[in-house]
Every structure is written in C-alpha cells, then in structure tokens.
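Okay, so here's the structure we're looking at.
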Amino acid sequence: MLTVRGPLAGLLTAERTALNLLCHLSGVASTTRRWVDAVAGTGARVRDTRKTLPGLRSLEKYAVRCGGGVNHRMSLGDAALIKDNHVAAAGSVRAAVAAVRRRWPHIPLEVEVDTLDQLDEALGTGVPLILLDNFTLADTVEAVRRAGSVPGVELEASGGLTLDRAAAVAGTGVHYLAVGALTASARSLDLGFDLRTG
C-alpha cells in the first residue's frame, strides 16, 4: 500500500497509532464507497452524520469524502438542526423554526420531521433542508411529491437506512441519504506494518 522511511525507533513507536488510524479511516472510506455505489445513478448523495469518534471528526469526514460521500455540518456552529425534542419543547415545527430564526437569523437551518403533517408544516416555514426521519418508502415518495411544489427545498432521508434499501430510498428523489453507519460502525480495513532493513 505504501512505504514509509525514517528512523527505526520513530517508526516502531508510531506504528500502532498510525495503523489504528489508517485501518479505521480506510474502513470509513470503503463503507462510504459501498453506499455511494449503491445509489449511483439516482442523483442522491450519501452524507455522514455527527456520529463520529471524539477527536476524529475531521479525519473521519475526510475519509467520507475520499469514499465519494459528502459531509454534513462539521460542528453545531455550522448549522442549526431542529430535531424532534426541539419540536416537542417548542410546541410545533413552526414555533421551533421561529425561535431559531429570532436568535440566529442567518445560520443555515435544517428541520427533522417524523410525519407528513410535520413535513407540511416545515414546508411552510421557508426552511431549505428537511430531514425525513424513519419515513417508510411510501411516505418518502409522498414527501418528495409534496416538497416538489416548494422551490429550493431539499430532502434528506435518515434513520433505519440499510445498504440493501439504499437504492430504493435514493430512487424516491430525495437529495441526500444521511448514514450514521459510515463513521459509527465502519469495519476497519486490516493492514499490517512489515519492517524491511537494509
């Protein structure tokens, strides 16, 4: 795969840490490539989530890009995501969006919805990105149809996604598939370090 040259003591000291990172990140990139290949030709893009290991977010997101995926927000400060608990606390999707817009009027905003009724409410708020959480395939098709009448809105499918269903979900017309498994449960690539002297 590659050759590294350097002082023997340094190579042997860094070997395990370097291999751990390289094996894990190669697994993330390979997992991402499998998802990207599964949705090829649909127009949907595969995105990571913030389900990353502490301290490794930048590297894991880089590995996702190497695998052909695209990144979601890097940190909480990059964009606001209104989730189901926020909607429950605010009383409605519309109230949650209004609260965020009052405090941070210019931050990019995404809303998670659990039902088609919540989708309709979100579509009336001007939010540009809506996350469809654990929607059935039939409801995803209907969500795409409804969102099609609102210019500039993108849909992201999330929750309960599996590789064998990826093409069907992507084929509904959603813009993104958000896949926590890209980073949260990627299987490491088995790489070794063999010393050559002389």
Side-chain angles (χ1 to χ4, degrees), residues 25-52 57-76 78-84 87 93 97 107-187 189:
L25 296 175
S26 295
V28 169
S30 296
T31 299
T32 303
R33 174 53 62 188
R34 283 192 288 278
W35 280 84
V36 168
D37 289 346
V39 303
T42 65
R45 303 188 72 190
V46 175
R47 291 177 101 176
D48 54 28
T49 68
R50 289 194 320 109
K51 293 178 181 174
T52 55
R57 179 169 296 155
S58 293
L59 288 172
E60 289 180 336
K61 285 181 173 284
Y62 173 72
V64 166
R65 293 193 305 274
C66 288
V70 295
N71 296 143
H72 200 275
R73 60 188 179 159
M74 182 64 74
S75 70
L76 293 175
D78 294 337
L81 173 56
I82 295 173
K83 295 183 66 69
D84 53 356
V87 171
V93 170
V97 170
I107 194 167
L109 182 57
E110 179 177 7
V111 175
E112 175 185 275
V113 298
D114 298 324
T115 66
L116 289 169
D117 287 341
Q118 285 184 340
L119 170 71
D120 290 339
E121 191 179 355
L123 288 171
T125 65
V127 171
L129 183 58
I130 300 172
L131 186 151
L132 310 174
D133 189 36
N134 287 301
F135 271 44
T136 65
L137 200 58
D139 282 351
T140 303
V141 169
E142 178 60 17
V144 169
R145 187 192 69 75
R146 294 183 189 189
S149 63
V150 182
V153 173
E154 293 186 318
L155 297 179
E156 177 177 278
S158 181
L161 299 176
T162 58
L163 194 55
D164 61 327
R165 291 183 58 236
V169 174
T172 63
V174 294
H175 299 86
Y176 302 102
L177 273 67
V179 184
L182 302 183
T183 53
S185 55
R187 184 176 176 182
L189 182 65

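Every residue meeting the salt bridge (charged side-chain N to carboxylate O under 4.0 Å, His left out) condition with R145, not counting sequence neighbours, appears here in chain and number order: E142. Partners of E112 by salt bridge (charged side-chain N to carboxylate O under 4.0 Å, His left out), not counting sequence neighbours, listed by chain and number: K83. Checked against side chain to side chain donor-acceptor pair (under 3.5 Å), T183 has no partners two or more places apart in sequence or in another chain.
Between the side chains of R47 and N71, no donor-acceptor pair is found at a separation under 3.5 Å.
Here the side chain of D48 pairs a donor or acceptor atom with the backbone of H72 at under 3.5 angstrom. When atom types are taken as modelled, the side chain of D78 and the backbone of M74 share a donor-acceptor pair closer than 3.5 angstrom. In this structure a side-chain-to-backbone donor-acceptor pair under 3.5 Å is missing from H175 to E154.
For the pair A63 and L25, the tightest heavy-atom approach, listed with the atom from each and the gap, is CB-O, 3.5 Å.
Contact of the L129 side chain with the Y176 side chain is registered, since non-hydrogen atoms from C-beta on lie closer than 4.5 Å.
Residue pairs that meet the salt bridge (charged side-chain N to carboxylate O under 4.0 Å, His left out) test with at least one member in residues 113-126, sequence neighbours left out, are D120-R146. Residue pairs meeting the salt bridge (charged side-chain N to carboxylate O under 4.0 Å, His left out) criterion with at least one partner in residues 35-45, sequence neighbours excluded, are R33-D37.
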Under 3.5 Å, side-chain donor or acceptor atoms of residues 166-174 against the rest of the protein: list the pairs with distances, not counting sequence neighbours.
from: T172; atom 1: OG1; to: V169; atom 2: O; distance (Å): 2.6

